[in-house]
Amino acid sequence: MRRHLFPTTLQLAGFTMLALTGCAGAPATSHTTPPSATAAPDTHSAAPATSSASPVPVKPAHGYDPHAHAAAGITAALTAAKKDGRPVLIDFGADWCMDCRVLGARFLEPGPAAILAKYHVVTVDVGEFDRNLDIAARYVNLQTSGIPALVVLDPASGRIKVATNQGEFANARTMSADQVKEFLKRWA
């Protein structure tokens, strides 16, 4: 029995540290992204639902899809953005990240949802900093931003308007829906 306590204790200590420090971290440099991992995200338009309720973006139930093709998702969102003039919001994160999950929940609340309806939203799974890093490197510095990291692309040029390179959402669990809304409103 004693043999099993030590690994469990280390595992609990690791979870405690993650909970205390958020989801910031440096990408693992010893990993390479497998070809299948340039997979990408759900590209979904955060357009209003057909009901009379306030607009709510469609956020995948699973959060960040490790099998989605990130590059294709971003390309599709940029194509749609050129047609309708709405900017593209790229959300880099992972399902294991508590701050990413909290931010995803905040996105569904009425205030942030209304702002997100003005964007084409693409989620990109970075795994445990071992997936889609080539895609992320084009837009944001994950070493300084941690996750979740958000990037807004200009609808006409596809150029970066804003990137959260300073970790603005790395402690999303401490942010209210109003704080998320106000932050997103600056980019709209």
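Note that the CZ atom of Phe169 and the SG atom of Cys97 stand 12.5 Å from one another [nearest 0.5 Å]. Interatomic distance, Gln143 CD to Leu133 CG, rounded to the nearest 0.5 Å: 9.5 Å.
Residues Val122 and Gly73 share a closest heavy-atom pair of CG2-O, 3.8 Å. What you find for Pro112 and Ala177 is that their closest heavy atoms are CG-O, 3.4 Å. Nearest approach of Pro155 to Arg86, heavy atoms of both residues: CB-O, 3.4 Å. The minimum heavy-atom distance between Ile135 and Ala71, with the atom names listed, is CD1-CB, 3.8 Å. The minimum heavy-atom distance linking Ala149 with Leu142 is given by the pair CB-CD2, 4.0 Å.
With a 4.5 Å cut-off on side-chain heavy atoms, Val152 and Ile160 do not count as touching. In this structure the side chain of Asp95 never reaches within 4.5 angstrom of the side chain of Cys100, judged on heavy atoms. Between Arg131 and Pro66, the closest side-chain pair of non-hydrogen atoms falls below 4.5 Å. Here the side chains of Phe183 and Glu168 are in contact, with some heavy-atom distance below 4.5 Å. Between Ile147 and Trp96 there is a side-chain heavy-atom pair separated by less than 4.5 Å. Between Phe107 and Val121 the shortest side-chain heavy-atom distance does not fall below 4.5 Å. Within the 4.5 Å cutoff, side-chain heavy atoms of Leu103 are placed close to those of Val180. You'll find the side chain of Val151 stays beyond 4.5 Å of the side chain of Leu89, heavy atoms only.
Aromatic rings of Tyr64 and Phe92 (six-membered ring for Trp) have centroids beyond the 6.0 Å cut-off, not under it.
Between the side chain of Thr164 and the backbone N or O of Gly167, no donor-acceptor pair lies under 3.5 Å. A donor-acceptor pair under 3.5 Å is absent between the side-chain atoms of Ser145 and the main chain of Gln166, judged by distance alone. Asn171 contributes no side-chain N or O that, together with a main-chain N or O of Thr174, makes up a donor-acceptor pair within less than 3.5 Å. Listed for the Thr144 side chain is a donor-acceptor partner under 3.5 Å among the backbone atoms of Asn141. Listed for the Tyr139 side chain is no donor-acceptor partner under 3.5 Å among the backbone atoms of Leu153. Judged by distance alone, with hydrogens and angles left aside, the side-chain atoms of Arg106 form no donor-acceptor pair with the main-chain N or O of Arg101 at under 3.5 Å. Within the 3.5 Å criterion, the main-chain N or O of Arg159 finds no donor-acceptor partner in the side chain of Asp154. Side-chain N or O atoms of Gln179 include one that pairs as donor or acceptor with a backbone N or O of Ser176 at under 3.5 Å.
A side-chain donor-acceptor contact under 3.5 Å links Asp84 and His120.
Ion pair Asp99/Arg173 flagged as a salt bridge, since at least one NZ, NE, NH1 or NH2 atom sits closer than 4.0 Å to an Asp/Glu carboxylate oxygen.
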Are Ile90 and Leu150 close enough, and set up right, to give a side chain to side chain contact (heavy atoms under 4.5 Å, CB included), and what steps lead you there? CA-CA 6 Å; Ile90 308 173; Leu150 302 179; over 6 Å; no

